[in-house]
Amino acid sequence: MPVSMPIAFVTGGSGFVGGALIRRLVAAGWPVRALARSPRSAAAVRAAGAEPVTGDLHNLPALDGTDVAFHCAAFVERWGTRADYEAANVTGTRNVVEACRKAGTPRLVHVGTEAAVLAGQPLHEAGEDVPLRPDSKSLYCATKAMAERVVRDAGGDGLRTVVVRPRLIWGPGDRTILPALADSVRRGRFRWIGPGTHLTSTTHVDNAVHGLMLAATAADPGPVYFVTDGPPAVFRDFITSLLATAGVTAPDGHVPPRAAALAAAGAEGAWRVLRLPGAPPITRTEVWLSSLECTLDIGRARAELGYQPVITREAGLSDLAAGPGTAGSAGTPPPPPGRP
């Protein structure tokens, strides 16, 4: 008899990770429905191979018949109000959980982040037991911690929830990190924060998607997993190599971390109190992500999910430099599908 393929529902399918995930699911034969809040989003998820379903995180369609829901949507803008972050990252996540429960969806896989445990401190070979930081002064970090708590608290009574936490997602299709860095260099605004010699974990989009697939298909997954490219890299070396794939040479100028942190705190305060237009020139989140060690232990994902990076950092950088049409996103077969 033919294998009955799981049916997936994806939020954030028009984004970087969500789009790559849809392509991987479709390549594996999964029927996929994806939330689309605009004609542009609908066109993007349709191009990736999914059936677009009109709605948003506050007006979700019925998920009846869905075997696995993947929650990839989030408010990831570098600046916004508390209401902006909470509406998408916390209330939106709660709405996805409630939709899964209402439909009897047996599994929800949530795209988390190491930012959920960040409050201005370095992370050294951190494991999943590092406490969540909903008290973080970064609204993104705080609300992603709150969202993860919503997901983890929802597990049970027929709903299995799994959080997959990549760090610094990069690769083909990135419309955020590399474009922003390259634009900053071209405008003469790029500065290293400190020498940049600290270590960082990174996660190629293929490895992030592989982790999500494993979380969706594992027979008995745990509640949360870090997934990365494996060994960490020197932050400055990685960013320099990433910029080089776009034909951009990283400059040498840098500012002291303490000065950058004080400038970010002051700028954020001014923008919030004075309600200035646009975004501050630098934010706390950017200082933390750019100047602090962040190395993550993926031992739990290896042991419990069988996770191994499907593409190395070196191969991913080589693919990016070579341009479209090379091996890369969705180029590595996913694990054999089956109903969770």
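Excluded from the calculations below are hydrogen atoms, water molecules and symmetry mates; all remaining heavy atoms, backbone and side chain alike, are included. Throughout, numbering of the chain's residues begins at 1 and tracks the sequence.
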Side chain to side chain contact (heavy atoms under 4.5 Å, CB included) between W30 and V68: does it pass, once the steps are laid out? CA-CA 10 Å; W30 293 46; V68 183; 4.1 Å; yes
Dump the intermediate steps for side chain to side chain contact (heavy atoms under 4.5 Å, CB included) on T176 and R78, then the final yes or no. CA-CA 10 Å; T176 303; R78 59 183 298 266; over 6 Å; no
Any side-chain heavy atom of P309 sitting closer than 4.5 Å to one from R302? yes
If you round to the nearest 0.5 Å, how far is OG1 of T295 from CD of E114? 11.0 Å
Under 3.5 Å: donor-acceptor pair, side chain of D319, backbone of G316: no
Main-chain N/O of A103 paired to D64 side chain as donor or acceptor, under 3.5 Å: no
Heavy atoms, side chains only, cut-off 4.5 Å: are V205 and F16 in contact? yes
L199, I298: one ILVMFWY side-chain cluster at the under-4.5 Å cut-off? no
Do V163 and V17 share a hydrophobic cluster (ILVMFWY, side-chain heavy atoms under 4.5 Å, transitive)? no
Decide whether L159 and V162 are clustered together by the hydrophobic rule: side chain heavy atoms of Ile, Leu, Val, Met, Phe, Trp, Tyr closer than 4.5 Å, transitively. no
Min side-chain heavy-atom separation L21-M213 under 4.5 Å: yes
Rounded to the nearest 0.5 angstrom, the CD1-CZ distance for I193 and F235 is 8.0 Å
Measure across R152 and L132 and return the closest heavy-atom pair with its distance rounded to 0.1 Å. NH1-CD1, 4.1 Å
Answer yes if the side chains of R133 and S138 hold a donor-acceptor pair under 3.5 Å, and no otherwise. no
Within the 4.5 Å heavy-atom criterion, are N95 and H58 side-chain neighbours or not? yes
Could you check whether any side-chain N or O of T113 sits under 3.5 Å from a backbone N or O of A116, counting only pairs where one atom can act as donor and the other as acceptor? no
When you look at L35 and L57, which way does the side chain to side chain contact (heavy atoms under 4.5 Å, CB included) test go after all the steps? CA-CA 8 Å; L35 190 64; L57 293 178; 4.1 Å; yes
Check: F190 main-chain N/O paired with S184 side-chain donor or acceptor under 3.5 Å: yes
Is there a side-chain contact between D229 and T312 in this structure, where contact means two heavy atoms from C-beta onward sitting under 4.5 Å apart? no
Note, L214 side chain near V227 side chain (heavy atom, < 4.5 Å): no
Just checking R189: does its CZ atom have more than 12 heavy atoms from other residues, nucleotides or ligands closer to it than 6.0 angstrom? no
R272 to W79, cation-pi by 6.0 Å centre distance and 45° axis angle: yes
Name each donor-acceptor pair under 3.5 Å that joins a side chain in residues 237-248 to protein atoms two or more places apart or in another chain, with its distance.
from: T240; atom 1: OG1; to: R236; atom 2: O; distance (Å): 2.7
from: S241; atom 1: OG; to: D237; atom 2: O; distance (Å): 3.0
from: T245; atom 1: OG1; to: L242; atom 2: O; distance (Å): 2.6

Please report the interatomic distance CH2(W288) to NZ(K137), rounded to the nearest 0.5 Å. 8.0 Å
Is it the case that H110 and T161 place a side-chain donor and acceptor less than 3.5 Å from each other? no
What orientation do F75 and Y85 show, parallel under 30°, tilted 30 to 60°, or perpendicular over 60°? perpendicular
If you compare all heavy atoms of L168 against all heavy atoms of S201, which two are closest, and at what distance to 0.1 Å? CB-O, 4.1 Å
Got more than 12 heavy atoms from elsewhere within 6.0 Å of CZ, R37? no
Throw together a table of side-chain donor-acceptor distances under 3.5 angstrom for residues 253-269, partners on residues two or more places apart or in other chains.
from: E268; atom 1: OE1; to: R284; atom 2: NH1; distance (Å): 2.6
from: E268; atom 1: OE2; to: R284; atom 2: N; distance (Å): 2.8

Start with the C-alpha gap between T200 and R167, add the side-chain angles, then the distance that decides, and say whether side chain to side chain donor-acceptor pair (under 3.5 Å) holds. CA-CA 9 Å; T200 183; R167 149 76 179 179; 2.8 Å; yes
With rounding to the nearest 0.5 angstrom, report the OG1 to CD1 distance, T228 to I169. 11.5 Å
Decide yes or no for R149 and P134: does some side-chain heavy atom of the first lie under 4.5 Å from some side-chain heavy atom of the second? no
How close do H204 and P172 get, heavy atom to heavy atom, and via which atoms? NE2-CD, 3.6 Å
What do the steps show when you test V310 against N207 for side chain to side chain contact (heavy atoms under 4.5 Å, CB included), and what is the final call? CA-CA 6 Å; V310 295; N207 291 329; 3.3 Å; yes
Please say yes or no: joined through hydrophobic side-chain contacts below 4.5 Å, possibly via intermediate residues, are F70 and Y225 part of one cluster? yes
Backbone N or O of S290 within a donor-acceptor pair of the H198 side chain at under 3.5 Å? yes
Classify the angle between the aromatic ring planes of H210 and Y307 as parallel (below 30°), tilted (30 to 60°) or perpendicular (above 60°). tilted
Please give me the minimum heavy-atom distance between A154 and V97, naming the atom from each residue. CB-CG1, 3.4 Å
Please report the shortest heavy-atom distance between P52 and A50, naming the atom on each side. CD-O, 3.3 Å
Taking every heavy atom of L178 against every heavy atom of D174, the minimum-distance pair comes out as N-OD2, 2.8 Å
Reported NZ-to-CG distance for the pair K144 and L139, which is rounded to 0.5 angstrom: 14.0 Å
Taking T11 for the side chain and C72 for the main chain, is one N or O donor matched with an acceptor at less than 3.5 Å? yes
Between L63 and V45, is there shared hydrophobic-cluster membership here, with clusters defined by ILVMFWY side-chain heavy atoms closer than 4.5 Å? no
Pairwise side-chain contact, C294 with L296, heavy-atom cut-off 4.5 Å (strictly under): yes
Does the structure place the NZ or CZ of R165 under 6.0 Å from the centre of the six-membered ring of F226, at an angle of no more than 45° from the ring's axis? yes
To the nearest 0.5 Å, atom OG1 of T283 lies from atom OH of Y140 at 12.0 Å
Would you find a donor on one side and an acceptor on the other, under 3.5 Å apart, between the side chain of T93 and the backbone of N89? yes
